[in-house]
Amino acid sequence: MLDIRFIREHADQVQEVARHKGIEVSIPELLAVDNERRRLLLEVEGLRMQRNTLSQAMPELAKQGKKDEMEAKKAEVRAVNARLTELEAELLTVEAAYRELMLLVPNIISPDTPVGGSDEENVEVRRVGELPVFDFEIRDHVTLGEMHRLFDLPRGVKVGGSRNYYMTGIGVFLHRAVQQLALDVLAGRGFTAMDVPLMVREEMMTNTGFFPSGREQTYELPRDEKWLVGTSEVALVSYYSGETVDVSEPIRLAGVSNCFRREAGSAGRDTRGLYRVHQFAKVEQVVICKNDPDESERLLQEITQNAEDLLQLLEVPYRVVAVCTGDIGQGVYKKYDIETWMPSRESYGETNSASNLWEFQARRSNIRYRDEQGTLQYCHTLNNTAVATPRILIPLLENHQREDGSIYIPVALRPYMNGMEEIRPE
RNA sequence: GGAGAGGUACCGAAGUGGUCAUAACGGGGCGGUCUUGAAAACCGUUAGGGGGCAACCCCACGCAGGUUCGAAUCCUGUCCUCUCCGCCA
């Protein structure tokens, strides 16, 4: 959410951003509704003042026994109330429309965000790591997984429907090892580990910016009016919702959670293997800091670096791309995706996504701090994947495979794999 | 799931239909006086949302409604917390 005053003063700029982000919202319409809202507010508040003044005179009249005058004033208030009831109903309608529009307004974007229509126009920032050269016919992660019984896709589909899987045997250990490694690395860098609620109120989905736009992507539990989170970011940011926080040092959180995504509208895309599934596990970084563009930019670099360091520990090649306007999302001010080399796809695939939301979430969630002057300010919030699995197992298995089908286990993972150095065919 | 109690500022808590919400009282925090320093004592302070050019006004007693000229106070619903019972990893 943006400050309505900012929108009034930068209407054209905001409309332009909406166009770039592909969000259908009319700023002129919003401003018209806003004007109507303020006009009604003025009138309603005036009537309320009348009512208050008249009512407050009652005790005095009662004391003096002026019954007729009291009755006259009562009638007057009733008249005021009648008018008020009408206007308040009108105001309620207008405010609902106002809120609905406000929730659609996109965040502005950083000056260095590339302009583009889709992920095709994201701009590569850097490549790290050598692409592996195989002098044999490579196996994709599905084949490798079947070979070593790391997961079971057909039975996942039998039991859970499409895009479901079982992790099995050593696969489970790998699945957990990458998470534990990520958690340990982050804990060592000042992050507080958090295991979070996965079922949350609708309000939290809206506050964090996933609703209204992402409703279709989210699993609902209608009986209990809860929603299954697609990322622990929802619960991590909402942890502080409505609070005044101390951000003299940035708040660094590392969330551990399962994530649930309906993947509506992606039917037929990435159907093979573990790339796009309905349920996965993720260690997520969330940072909450001062309303200071320099500081949040530094922190964006920091959480991006954390993810890169993890990929380097996993010894897989990756690249960082600056996400363009068309792919950046409604609430995001600036975003880097990290894409990891997936040999079977012969391309880099997204494994991490680092966002600076500026005030967008903090405004919706009402997360503030007191600055040096003692004034309440909205925080900046940021997030980035540390590791999402099983997707990360795709590059891990495929890049580290050998001709005989065995798989090299990176040194950093071995402590979490009971010292295992490679996965050998049975 | 059943029965009961309760949600008021940083915390505890008073207020049970009318200038009582920059909200009694107590505690805590911060600043000061005193002191070699500290403690104690005393003094001060502790900043919500919105509208309006402004004067100023409206809203805020968990949240949403209702009754009333007027609601922290009465009624209904709802969320949450606590106690007891039941069930349970």
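Every chain is numbered from 1, with letters handed out A, B, ... down the list of sequences.
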Verify whether one side chain among A:Q64 and A:E69 offers a donor that lies under 3.5 Å from an acceptor in the other.
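Checked: A:Q64/A:E69 side chains show no N/O donor-acceptor pair below 3.5 Å.
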Do A:T351 and A:T340 get their side chains close enough for a donor-acceptor pair, meaning under 3.5 Å?
yes
Assign each of A:Q56 and A:L92 to its nearest nucleotide of RNA chain B by heavy atoms, then name whichever residue's nucleotide is nearer the 5' end.
A:Q56
Closest to the 5' end of RNA chain B, once A:D371 and A:K74 are matched to their nearest nucleotides, is A:D371
In whole angstrom, give me the gap between the [atom1] atoms of [N] and [M].
N	M	atom1	answer
B:rC34	B:rC43	P	16 Å
B:rG1	B:rC75	C1'	27 Å
B:rG29	B:rG6	C1'	27 Å
B:rA64	B:rC30	P	35 Å
B:rU67	B:rC11	C1'	35 Å
B:rG28	B:rC82	P	27 Å
B:rG70	B:rU16	C1'	16 Å
B:rG32	B:rC57	C1'	37 Å

Below 4.5 Å, heavy atoms only, C-beta onward: do [X] and [Y] meet side chain to side chain?
X	Y	value
A:F211	A:E202	yes
A:R215	A:F210	no
A:L413	A:L174	yes
A:N399	A:E315	no

Tell me the interatomic distance from [X], atom [atom1], to [N], atom [atom2], rounded to whole angstroms.
X	N	atom1	atom2	result
A:Q377	B:rA47	CD	P	18 Å
A:K73	B:rG70	NZ	C1'	14 Å
A:N81	B:rU67	CG	P	10 Å
A:M58	B:rU19	CE	P	14 Å
A:L54	B:rU19	CG	P	16 Å
A:E203	B:rC79	CD	P	14 Å

Is it possible for you to check whether A:R37 lies under 6.0 Å from the centre of the six-membered ring of A:Y98, through NZ or CZ, and within 45° of that ring's axis?
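Yes, a cation-pi geometry holds between A:R37 and A:Y98.
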With A:D337, which of A:I328, A:V320, A:N352, A:D327 fulfils side chain to side chain contact (heavy atoms under 4.5 Å, CB included)?
A:D327
Is it the case that atom [atom1] in [X] sees more than 12 heavy atoms from other parts of the structure closer than 6.0 Å?
X	atom1	result
A:E24	CD	no
A:F173	CZ	no
A:R176	CZ	no

Nucleotide pairing, RNA chain B (Watson-Crick or G-U, distances under 3.5 Å), in dot-bracket with [ ] and |
((((((((.[[[..)..(......]]]((((((.......)))))).((((....))))..[[[[[..)....]]]]])))))))....
Could you list by number each residue of residues 221-228 of chain A showing a heavy-atom separation from RNA chain B of less than 4.0 Å, or answer none if no residue does?
none
Which nucleotides of nucleotides 48-64 of chain B have their base under 4.0 Å from a protein heavy atom (B), which only their sugar-phosphate (S), and which neither (-), written as one string 5' to 3'?
SSBSS----BBS-----
Side-chain donor/acceptor of A:T271 to backbone N/O of A:A267, under 3.5 Å:
no
